[in-house]
Amino acid sequence: MSIALQTLPSVAARLAIRRGDHTGPTAGLAAGYVQGNLAILPASHADDFLKFCVRNPQSCPVLAVSEPGETALPALGRDLDIRCDVPGYRVFRDGELIAEPERIDPFWRDDLVTFVIGCSFSFEEALLADGVPVRHIEQGCNVPMYRTNVPTQPAGPFHGPLVVSMRPMLPAQAIRAIQITSRFPSVHGAPVHLGDPALIGIADLARPDYGDAVEIRDNEIPVFWACGVTPQSVIAATKPPFCITHAPGKMLITDLLNARLAAL
C-alpha cells in the first residue's frame with residue numbers, strides 16, 4: 001500500500017481497526033467519510049434480503065452488495081477487508097447470537113454475501129455543521145436505538161419490526177433537522193416520527209434496546225429516524241441459518257464522502 005493511501009483518514013481508521021488499536025464505537029472517526037451498517041448472509045438468502053432492503057429503503061438503504069465469498073468492496077474503499085475492518089461483529093446461527101468477535105476470519109465462508117447499509121452518522125455531520133445539536137455526541141456515548149411496533153415490509157422469510165434511533169431536540173431544531181436530513185435519502189433521510197414514543201411502541205426512552213440512553217432536557221422532544229440496526233431485529237424474527245452483522249455503533253468506515261450523498 002502506498003504512503004499516500006495510508007494517510008487517507010478513512011484508510012488510516014480501517015487499518016487501526018484491523019490492527020486492533022481501535023475496538024470501540026466509530027462515531028467521530030474519519031470525519032467526513034461515510035460509515036455503513038453491515039449484514040452478511042449466505043447466498044441462498046441474499047436475493048430475498050436485497051428485496052427486503054428495496055422494500056424498506058429508509059431503514060435499509062443499500063450502499064453496496066458483494067459477490068458471494070468476496071471480502072473486498074472496491075466501490076466503498078481501497079484495501080478494505082470486510083472480515084477485519086469493523087471494530088466489532090455479531091454472529092448469529094438460527095437467529096441466536098453465538099459470538100461477538102473483533103474479527104470474523106474463523107467464521108468466513110465462500111457463500112457469504114455482504115450488504116453495507118447507510119448509516120445516520122452521515123447526516124449527523126450535516127446537522128452539526130448547521131448548529132443542530134446531537135446529544136449522544138455531546139455526551140460521548142452511542143446513539144439510543146429502539147425496536148418499535150411499526151412493521152417492515154416483508155420479503156421472502158424476512159420480516160420484523162422497524163428499529164429507530166433517537167435524538168432529542170427543541171421543536172425549532174427538529175424542524176431544521178427534518179429539512180437537513182431530507183437531503184440524505186441514502187442514509188435514512190427524514191425522521192419517521194417525533195413526539196410521543198408510545199405511539200410507535202416505545203415504553204421507556206431511558207431503556208433503549210441498543211446503544212445508550214441520553215439526557216432529554218426541558219422543552220425537548222424525541223425525534224426518531226429509521227435505523228440500520230433494523231436488520232438485527234429482522235434476524236431475530238426470521239432466524240436465518242447463519243448471519244453476521246456489525247455490533248451496534250461499530251460501523252464500517254468507507255472512502256465515500258458524506259457530502260457526496262446529499263441529494264440537493
Any donor and acceptor pair, going by atom type alone, linking the side chain of [X] with main-chain N or O of [Y] inside 3.5 Å?
X	Y	result
Gln173	Val132	no
Ser165	Cys227	no
Arg147	Gly160	no
Tyr146	Phe224	no
Thr254	Leu256	yes

Can you tell me if [X] and [Y] form a side-chain donor-acceptor pair at under 3.5 Å?
X	Y	result
Trp108	Thr71	no
His136	Asp212	no
Thr245	Gln232	yes

Those residues that, when tested against Asp218, pass salt bridge (charged side-chain N to carboxylate O under 4.0 Å, His left out) (two or more places apart): none
Chi angles and distances behind the side-chain contact (heavy atoms from CB on, under 4.5 Å) call for His246, Val229: CA-CA 9 Å; His246 67 291; Val229 174; 4.2 Å; yes
Residue pair Pro42 / Leu112: nearest heavy atoms and the distance that separates them: N-CD2, 3.9 Å
Anything under 3.5 Å between a donor and an acceptor, one on a side chain of residues 193-207, the other on a protein residue two or more places apart or in another chain? List them.
unit_1, atom_1, unit_2, atom_2, d
His193, NE2, Asp196, O, 2.8
Asp196, OD1, Ala198, N, 2.9
Asp204, OD1, Ala206, N, 2.9

Please check if the number of heavy atoms outside [X] that lie under 6.0 Å from its [atom1] is greater than 12.
X	atom1	answer
Asp111	CG	yes
Glu67	CD	no
Asp105	CG	yes

Check against side chain to side chain donor-acceptor pair (under 3.5 Å), Thr26 and Gln35: CA-CA 8 Å; Thr26 52; Gln35 299 192 26; 2.5 Å; yes
Side chain proximity check, Met169 to Arg176, heavy atoms < 4.5 angstrom: no
Hydrophobic cluster membership, Met166 vs Leu162, 4.5 Å side-chain cutoff: yes
Face-on cation placement of Arg109 at Phe242 ring, 6.0 Å and 45° thresholds: yes
Value rounded to 0.5 Å, distance of CG in Leu127 from CZ in Arg167: 7.5 Å
Residues which pass ring pair (Phe, Tyr, Trp, His ring centres under 6.0 Å) with His45, listed by chain and number, not counting sequence neighbours: none
From CA spacing to verdict: side-chain contact (heavy atoms from CB on, under 4.5 Å), Leu38, Ile82: CA-CA 9 Å; Leu38 194 65; Ile82 203 63; 3.5 Å; yes
Centroid separation Phe49 to Phe115 less than 6.0 Å: yes
